[in-house]
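One structure below.
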4 protein chains.
Amino acid sequence: MGDLLWPADERAGGVFTDTAFLDAMVTVEQAWLDALAESGVAPDPVALAGVVTAADLEQVAAGAEAGGNPVIGLVELLRERTGSRWVHRGLTSQDVLDTALVLCLRDAVAEVREGLRRQAHALAGLVREHRGTVMAGRTLTQYAVPITFGLKAATWLQGVTAAAERLDRGPAFPAQLGGAAGTLAAPAQLGGGAAVARALAVDTSERLGLAFAAPWHTERSVLTEHADALVGCADAWGRVAADVALLSRPEIAELREAAGGGSSTMPGKANPVLSVLLRRHALAAPGLAATLHTAAASYVDERPDGAWHAEWDSLRTLARRSVVAASQAADLLEGLVVDAEAMSARAVAADETLRAEQRSMGGPSTSSGGIHEAPYLGATDLIIDDALDRARILWKDL
Amino acid sequence: MGDLLWPADERAGGVFTDTAFLDAMVTVEQAWLDALAESGVAPDPVALAGVVTAADLEQVAAGAEAGGNPVIGLVELLRERTGSRWVHRGLTSQDVLDTALVLCLRDAVAEVREGLRRQAHALAGLVREHRGTVMAGRTLTQYAVPITFGLKAATWLQGVTAAAERLDRGPAFPAQLGGAAGTLAAPAQLGGGAAVARALAVDTSERLGLAFAAPWHTERSVLTEHADALVGCADAWGRVAADVALLSRPEIAELREAAGGGSSTMPGKANPVLSVLLRRHALAAPGLAATLHTAAASYVDERPDGAWHAEWDSLRTLARRSVVAASQAADLLEGLVVDAEAMSARAVAADETLRAEQRSMGGPSTSSGGIHEAPYLGATDLIIDDALDRARILWKDL
Amino acid sequence: MGDLLWPADERAGGVFTDTAFLDAMVTVEQAWLDALAESGVAPDPVALAGVVTAADLEQVAAGAEAGGNPVIGLVELLRERTGSRWVHRGLTSQDVLDTALVLCLRDAVAEVREGLRRQAHALAGLVREHRGTVMAGRTLTQYAVPITFGLKAATWLQGVTAAAERLDRGPAFPAQLGGAAGTLAAPAQLGGGAAVARALAVDTSERLGLAFAAPWHTERSVLTEHADALVGCADAWGRVAADVALLSRPEIAELREAAGGGSSTMPGKANPVLSVLLRRHALAAPGLAATLHTAAASYVDERPDGAWHAEWDSLRTLARRSVVAASQAADLLEGLVVDAEAMSARAVAADETLRAEQRSMGGPSTSSGGIHEAPYLGATDLIIDDALDRARILWKDL
Amino acid sequence: MGDLLWPADERAGGVFTDTAFLDAMVTVEQAWLDALAESGVAPDPVALAGVVTAADLEQVAAGAEAGGNPVIGLVELLRERTGSRWVHRGLTSQDVLDTALVLCLRDAVAEVREGLRRQAHALAGLVREHRGTVMAGRTLTQYAVPITFGLKAATWLQGVTAAAERLDRGPAFPAQLGGAAGTLAAPAQLGGGAAVARALAVDTSERLGLAFAAPWHTERSVLTEHADALVGCADAWGRVAADVALLSRPEIAELREAAGGGSSTMPGKANPVLSVLLRRHALAAPGLAATLHTAAASYVDERPDGAWHAEWDSLRTLARRSVVAASQAADLLEGLVVDAEAMSARAVAADETLRAEQRSMGGPSTSSGGIHEAPYLGATDLIIDDALDRARILWKDL
């Protein structure tokens, strides 16, 4: 793996690669064969594992244009090599392709969740350690009122928590089993009629560990909702990265990535490279989800003339990059170096400005000592507690 | 109301107009004043209703550039006209603006829900009436296998149901009350400290009928998630519209809008104008939500330098257009004219083609009579029942 | 004018408002009437100016849904009030609407050009004044090698120049005159046939000061190319704004806007509000142009079922916001306050870091004195000259 | 090559693959070495060809995260294997990466141009053959007035011509040679100063066959303008595809792709697969260009913290898919099967409707015979001539 133009792509490993997708399609065909046999419609299934492999990728890919998708060529190979005419019998290309998309997406989302879990733990640590680390709050680039770094980390944690909540309450991962026009007519025709056809769909879904759902061949909210949730993750990470990149600037120097990236020409340069690469993802993700929405809204007929095809690589790219970024964000937060002294020194230096609002409010403490003796922090502690409480609903051991 | 370049804009009435937004901001200021008084921090509140009105819009708008938002000018007017120095005391511009956004968004979403309810009822009627109305299924523009129009309507219903489910499980509508940097420092300073500050936030939220939440001044999933859900609605409507526009073509003529739009030059022309205007919305909506995501991912500091400002009109435009489209989609479906005979005649004419898969499957009924005697419809009835059952969870009386 | 949720909207004045668009449509109808009369096809034209005015906006807008566009209702009013049956005779709605879009777009682009001109002059001044003002170059947030502020301003100038060049070499502003399906059949029918019909189109274009072009009713590059060019402007301004917002931070404080924006609660706060509002535009503009492209690619038939309608408000919003931003960027640059001493002091303080590359290169001057005695500036002067030369091709008096 | 999830990817062959990009980076390093030697700054250059090859891709890609880009690892390999310390001396990563992007983009655009040329020739043939083939014009899905298929093809040709014109007037393909912060300080330091540094940049540009330009390291209109032009191509093809897909429907059957795509389950099905895959590209392309704009507008400093990195794969994907689509559109048009009889028969059948406007216009020929005796075609012939004339400026032999 690896991609010259998307550095760190290898962090996603085998998730949603062409090979993974090929395997997923074969897995779907196998589950269907097994269900057919279990129901008595077909004889004992042949084993498809290993029949078509990564070595066949180029051939299957090259054959995909003629039929408009890679399933037709795959099925030909599977039938030819197993001699079984039952392979794919009763399915349509979209059943196999959509279900394989969902299988790969599920794997990607699982990796993203693991990243979010790691991030939440790292953030909880930062929140606790820096609950009282006073720093300058900044709005519209200028000093505003004081905050603590624990509070900033708590708002990051809120973003990570919200992103994870959204993944949790998103739609399930359903198999797509509807046949040529979403009627399950072909499996019904194979014997047993409607009830058996539907039972085949249920059984196949279960074998794949997926939810059973009525055909969603033209109702694509399953994909758009997952995609939106992944962009929600990108937003949460992008915001952390924007803060880290800013606070890593030498003029500010309140945060630092554990291992800064180097330069091809300037020795000693330590760039906040994880933040940079997270921001990259955050900039590119919304366009991918927008494409999925445009496609979903363009569905027509019982299978559309282009909208379906526009989804596949957009979804894959978004999912894979999300896995990369989830891992990077976790590394970033686990290794984040906080210079509490620098934060404190700046807050002291800017005390006059950071007190402006307080003075205008009047009240008891304005005339008192410096920022650390009488910090103007309002309900910071309560808000931090709220953020931790919310996160603990998802991650009990936080 | 009305917008020359977004025909039917007036369907959204006063929702999320500049006037509505002004009123919402005043409502927020009032709720805060009331909460301050209730808590004993401030004296009895002045009444703000009617103090600043639509007549002041131009002045408030014109003053918005200097401070970067319309709150500062509004507060000046309110203070000047009421003579109360307690107006806005303890709040920051973002508190007022964000909470007003949420109030207006809530109103828009309520209208969208009502549209979805109407659509679901109209669709359930179509599903029941046309459960057995055989028509040609089409994939990739070509005839595939038979379906019934009831099934097609049931897949539309699935889209509408999924869109409504998503609105239901979306985030609540929270007030934004955090002060200049999300610490509630100013209200705490006014007297009583952190606990009172937080109680003020809770009380204000309740007075507005909004959820209480920790400050989300830099964590914008509240907005993106609602926006994504609204685009999900647009997708569902866009897909219905694409099918209706297609099936209204004179060469197909299986569906017809109740009242077709006219022409400036061709008498008698009946265009599927609601479908056309729904497709318009579906094409334009994804870009607006993408902007909200790009903004959310660009948040930095305790208030960002542009990302916040990019959200306001994008959200408003999306919300308002969603209200328009919700109403149009309901009208479209309530008035949809189905030509069951045309559907049937075409299915008979294409019987040979629509049977191709069935023949290739073998099995009992292939040699039998025409499409109506032995329809090749698989589990169509069961799938229709599934769609109705799912919708009935949301709309009991469906 | 004014828009609560897009502060500074009033800078665009009357450009591309609903009123301006109404007037533009009337202007198109008048030009056509005049051309008809000139050619002898119709009798002396009635005068349409003032017949339908802003007072009719609500009625025309409200009538736009029925026919899917505002032209039909406008024509009814014009015919009714003038009694002339020649109004709109031979035209189709799209002719009027598209040509009015182009008229309004042309006005917006003219304002944008004027803004670019002002910006270029302001930038040339900054370049000249600060050609030798050494400052720290920064890459990936960290110190890199020295630059001068004149060079930074020169790269901004390159962006402004490139944006202006692109507007210059963009497509012309053509009238749309093709009739119901782009054949000019109706005007040909009115008398005189094809040659006269075409002459009418040429004459009408000339009367409007627009280019004559073959009907582009389904070929929308005219709109997308202008829209892309406007987004190109937004990019150029966004980049200036990003640099100004950054360098205005109190920890850096090398630049400052002439008049910073205030706060509703923090006295004395000076936010870089023009930069903030420019960044807002830059974040929101790409989605609008993307919508125009998606629409353009979805055109079907001789007038499409939604794609056309999606363009109108997207184009208007982009154009109007571009006018606002052009004016803001000019103000920003004309008033920009440069703290050359702060730049210099920082470069001296960071001298060790800024010399790292130089040391690694070896060569004569590495052992010499501080950053100002032996600046490591390479071809900075030549590059500045290049940028000025390029800009002078467009603006001779620069 | 080949991509399971973007069928027909292999049509782009080796254009802008990871291997091509690796080669392009090596080519840039070589050109610089050669220029260094030519200028006398460095000794005779080592030969880099073949030193790092596709076999090293995984290693270079895996090393790209640490420095944030693939250049650093590549340079290490090149230096290690050649033993030359002059490799990359005076360059920065961005010089190599940006220039390699431009080299790959240039190759992609060359392929796109060849596709446009083929398309124009095919279209000119269709225009000539069907100049008089009457068919129903359709607007908003309904019959409007008659056109000829030659006219429809001529409007397609206008789109292809406009797309090609835009590529032609786009910016040149410039090398990026500016060093760490766009000052050419490093090469100046190597000996000879500013003039030699600049001469090195000019010489290197020439060796690569690229334009020389002042550093555009933070001024990205070079990339966005090319990207927009490629989306312009996608729009032109998408529109052709939308018409072909529609007119290939069995109920209309006026057009047909030469070789329709098959089905995994329905024998005999002939889907307009090239149209489908072209529409796919048109749906996905705008989001990619929007990402490039968002990135361009987010540039800050002398190299930004994420915006640069977001460009690479977005540009590559857009460019590669454009090559695929250019080839598909050419095949589609070269093989398009026109059923002139079906067109004619439908026009006759719909004669009453297609005459409605003509009747309302009055004039001489309305009472005459059928659509073929007295066609209501206005200036169709003249408009066709205009389209051909415009195309011939680009393709003389059309």
Side-chain angles (χ1 to χ4, degrees), chain A residues 137-141 144-145 147 155 158-159 162 166 169 180-181 183-186 188-191 194 197-198 214 218-219 221 224 228 231-232 234-235 238-239 242-243 246 282 286-287 290 293-294 296-303 305 357-358 361 363 376-380 382-383 386-387, chain B residues 137-141 144-145 147 155 158-159 162 166 169 180-181 183-186 188-190 194 197-198 214 218-219 221 224-225 228 231-232 234-235 238-239 242-243 246 282 286-287 290 293-294 296-303 305 357-358 361 363 376-380 382-383 386-387:
Chain A
R138 298 168 177 94
T139 60
L140 302 161
T141 73
V145 296
I147 60 169
T155 68
Q158 278 189 66
R166 188 168 181 182
R169 71 172 170 261
T183 62
L184 287 168
Q189 181 75 15
L190 290 174
R198 187 191 157 105
T218 59
E219 199 287 282
S221 63
T224 53
D228 290 338
V231 179
D235 297 343
R239 183 183 148 235
D243 266 346
L246 172 68
H293 276 291
T294 305
S298 303
Y299 265 67
V300 71
D301 291 329
E302 278 59 64
R303 191 179 309 164
D305 52 347
E357 181 187 88
Q358 188 180 19
M361 286 297 131
Y376 178 63
L377 288 169
T380 292
L382 298 176
I383 294 165
D386 282 346
Chain B
R138 297 168 178 94
T139 59
L140 303 160
T141 74
V145 296
I147 60 169
T155 67
Q158 278 188 67
R166 188 169 180 181
R169 72 169 169 263
T183 61
L184 287 168
Q189 181 74 15
L190 291 175
R198 187 190 156 109
T218 59
E219 200 289 283
S221 62
T224 54
E225 199 163 346
D228 290 337
V231 179
D235 297 342
R239 185 181 147 235
D243 265 346
L246 172 69
H293 277 291
T294 304
S298 303
Y299 265 67
V300 71
D301 291 329
E302 279 59 64
R303 193 179 309 163
D305 52 346
E357 180 187 90
Q358 188 179 20
M361 286 296 130
Y376 177 64
L377 288 170
T380 292
L382 299 176
I383 294 165
D386 282 346

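In what follows, chains are A, B, ... by sequence order, proteins preceding strands, each numbered from 1.
- Chosen from A282(A), A379(A), G238(A), the residue pairing most often with chain B at heavy-atom distances under 4.5 Å is A379(A).
- Qualifying side-chain hydrogen bond (donor to acceptor under 3.5 Å, both in side chains) partners for Q158(B), counting only residues two or more places apart in sequence or in other chains: none.
- Here the OG1 atom belonging to T155(A) is positioned 8.5 Å from the CD atom belonging to E219(B), to the nearest 0.5 angstrom.
- Closest approach of T139(B) and A180(A) over heavy atoms only: CG2-O, 3.3 Å.
- A heavy-atom distance below 4.5 Å is not found between the side chains of Q189(A) and V145(B).
- E302(A) is linked by a salt bridge (charged side-chain N to carboxylate O under 4.0 Å, His left out) to K152(B), counting only residues two or more places apart in sequence or in another chain.
- Heavy atoms of D386(B) lying under 4.5 Å from chain A belong exclusively to its side chain.
- Looking at A188(B), the atoms closer than 4.5 Å to chain A (heavy atoms on both sides) all sit in the side chain, from C-beta outward.
- Ranked by heavy-atom pairs under 4.5 Å with chain A, the first of T294(B), T380(B), D305(B), V231(B) is V231(B).
- The main-chain N or O of D301(A) is found under 3.5 Å from a side-chain atom of D243(B) such that the two form a donor-acceptor pair.
- The CG atom of L377(A) sits 6.5 Å away from atom OG1 of T183(B), with the distance rounded to the nearest 0.5 Å.
- Using a 4.5 Å cut-off between heavy atoms, S221(B) contacts chain A through its side chain alone, with no backbone atom that close.
- Once rounded to the nearest 0.5 Å, the distance linking NE2 of H293(B) with CG of D228(A) reads 5.0 Å.
- Although no hydrogens or angles enter the test, the distance criterion places a donor-acceptor pair under 3.5 Å between the side chain of Y376(A) and the main chain of A186(B).
- For the atom pair CG (D235(A)) and OG1 (T224(B)), the distance works out to 5.5 Å, reported to the nearest 0.5 Å.
- By number of non-hydrogen pairs under 4.5 angstrom with chain B, the leading residue of A297(A), A162(A), A234(A) is A297(A).
- The contact between L382(A) and chain B is made by backbone and side chain atoms together, counting heavy-atom distances below 4.5 Å.
- Without hydrogens or angle criteria, R169(B) side chain to R169(A) main chain gives a donor-acceptor distance under 3.5 Å.
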